[in-house]
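Only one structure is covered here, and it is reproduced in the block below.
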Amino acid sequence: MELQEIIKNTFEIFNYSTPLEITNVCKVCCMCKDNTSKLISLPLREIPIDLITEYNDGAQALNFDMSEFKYFLPRYLELISEFKFTSAIDIALSLKNLNFDKDLFWNNSEEIKCINDFTEVFFKKCLETDKFWNEGSLLDIICMFYNSGIDIYKLLNLWLIELRNFSIIHLEQLINNNFSKRWKMRKFGFGDAYFYQTIENWVIKNKQIILEAIERHIFEPTLEEEQLQKLSYLYDVIKYL
């Protein structure tokens, strides 16, 4: 299924009523009355990213209204599908209110399928490019899904299946930029200890598959010299892991 078709489906499936007022975000210091009024009055597909970002990043109410959030969710996903991430703080916080691991909020099979379809197809799109918004990385996007309550094992396994071209470059960036010499991830950003441990274990467990993928890619005739050197170095690093 194409990503545009999935986005179209989200607007049809998450067809929630327009909120009468905004209750999920602090209206004292995080979002002014004029902007909350715009959120409600503008057609959903015309809400600009700065308003969605302000809504997303503001302090959340204790009694979070999931129906209100789901009303805006199609616009969230539409923007994210274009690499316009919905947090001004960090890409990893763009879907922090999805709460996809909470059955209380997610018991509709159509909605669940829609989110799963979006996650898989969008992640595949990410594997095919290295041009993300504001110099983000694939690790940021995996962390975004992790913080939303989505099972990242499925994404990591998908990455393993798609190990070629840009997805190999993402792997080189992940290991060379985020791992120490002792094969521990440098912890920064908005992932917790379990998140980083999951990534570490995934790399170590799949060492042989990764090596074989690098071997295949190194012999690509279109590979630039700089990238060849990086992959050769990565191969040696992983080989002696």
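Only heavy atoms go into these numbers, but all of them, side chains included; no hydrogens, no water, no symmetry mates.
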Atom pair CG (L158) and NZ (K154), whose distance is rounded to the nearest 0.5 Å: 11.5 Å
Using the ring-ring contact (aromatic ring centres under 6.0 Å, His included) rule, collect all pairs that involve residues 17-66, keeping only residues at least two apart or in two chains. Y55-F72
Does E82 have any salt bridge (charged side-chain N to carboxylate O under 4.0 Å, His left out) partners at least two apart in sequence or in another chain, and if so, which? K84
If you take all heavy atoms of P19 and E68, which pair is closest and at what distance? CG-CG, 3.9 Å
Check T198 against I152 and note the closest heavy-atom contact, atom names and distance. CG2-CD1, 4.0 Å
About how many Å separate CG of D50 and OG1 of T86, when rounded to the nearest 0.5 Å? 12.5 Å
Test side-chain hydrogen bond (donor to acceptor under 3.5 Å, both in side chains) applied to D192 - qualifying residues, sequence neighbours left out: Y146
Partner set under side chain to side chain contact (heavy atoms under 4.5 Å, CB included) for C26, not counting sequence neighbours: V28, C29, C30, A59
So does Q4 have more than 12 non-hydrogen atoms from other groups sitting under 6.0 Å from CD? no
Does a side-chain heavy-atom distance below 4.5 Å link I199 with L174? yes
Tell me if the CG atom of N63 is crowded by more than 12 foreign heavy atoms within 6.0 Å. no
Spatial distance of atom CG (L234) from atom NZ (K239) [nearest 0.5 Å]: 13.0 Å
Who are the side chain to side chain contact (heavy atoms under 4.5 Å, CB included) partners of S37, not counting sequence neighbours? K33
What residue pairs, at least two apart or across chains, pass ring-ring contact (aromatic ring centres under 6.0 Å, His included) with a residue in residues 201-231? W159-W202
For the pair E128 and K125, find out whether any cationic side-chain nitrogen is under 4.0 Å from an anionic carboxylate oxygen. no
Please find the pair of heavy atoms, one from A88 and one from D57, that lie closest to each other, and give the distance. N-OD2, 2.7 Å
Any chance NZ of K113 has more than 12 other-residue heavy atoms, nucleotides or ligands included, within less than 6.0 Å? no
Rounded to the nearest 0.5 angstrom, the CG-CG distance for N147 and L95 is 9.5 Å
What residues, two or more places apart in sequence or in another chain, satisfy salt bridge (charged side-chain N to carboxylate O under 4.0 Å, His left out) together with E2? none
Minimum side-chain heavy-atom gap I115-L77 below 4.5 Å: yes
Does some side-chain heavy atom of Y233 sit less than 4.5 Å from a side-chain heavy atom of N176? yes
Partner residues of N108 under the side chain to side chain contact (heavy atoms under 4.5 Å, CB included) criterion, sequence neighbours left out: E110, E111
Can you check whether F69 and Y76 have ring centres sitting under 6.0 Å from each other? yes
Within this structure, what is the CD1-CG distance for the pair I150 and L155, rounded to the nearest 0.5 Å? 7.5 Å
F11 and E78, any side-chain heavy atoms less than 4.5 Å apart: yes
Not counting sequence neighbours, which residues clear salt bridge (charged side-chain N to carboxylate O under 4.0 Å, His left out) with E120? List them please. K124
Check F100 against N116 and note the closest heavy-atom contact, atom names and distance. CE2-OD1, 3.6 Å
Under the 3.5 angstrom rule, does the side chain of S87 hit a backbone N or O of S94 as a donor-acceptor pair? no
Show every ring-ring contact (aromatic ring centres under 6.0 Å, His included) that has at least one partner inside residues 15-44, sequence neighbours left out. none
Verify side chain to side chain donor-acceptor pair (under 3.5 Å) between Q197 and N201, making sure each step is shown before the conclusion. CA-CA 6 Å; Q197 187 65 58; N201 292 343; 2.9 Å; yes
Taking the side chain as every heavy atom from C-beta outward, state whether F122 and I6 have any pair of such atoms under 4.5 Å apart. no
To the nearest 0.5 Å, how far apart are NE2 in H170 and CD1 in I141? 7.5 Å
Run through the side-chain heavy atoms of Ile, Leu, Val, Met, Phe, Trp and Tyr, join any pair under 4.5 Å, and report what else lands in I89's cluster. L93, F190
For K230, all residues meeting side chain to side chain contact (heavy atoms under 4.5 Å, CB included), sequence neighbours excluded: E172, E226, Q227
Side-chain (R75) to main-chain (I52) donor-acceptor, under 3.5 angstrom: no
Side chains of M31 and L39: closer than 4.5 Å at any heavy-atom pair? yes
Check whether any side-chain heavy atom of D117 lies under 4.5 Å from a side-chain heavy atom of N9, and answer yes or no. no
N107 CG: over 12 foreign heavy atoms closer than 6.0 Å: yes
Tell me yes or no: between the side chains of D140 and S137, is some donor less than 3.5 Å from an acceptor? yes
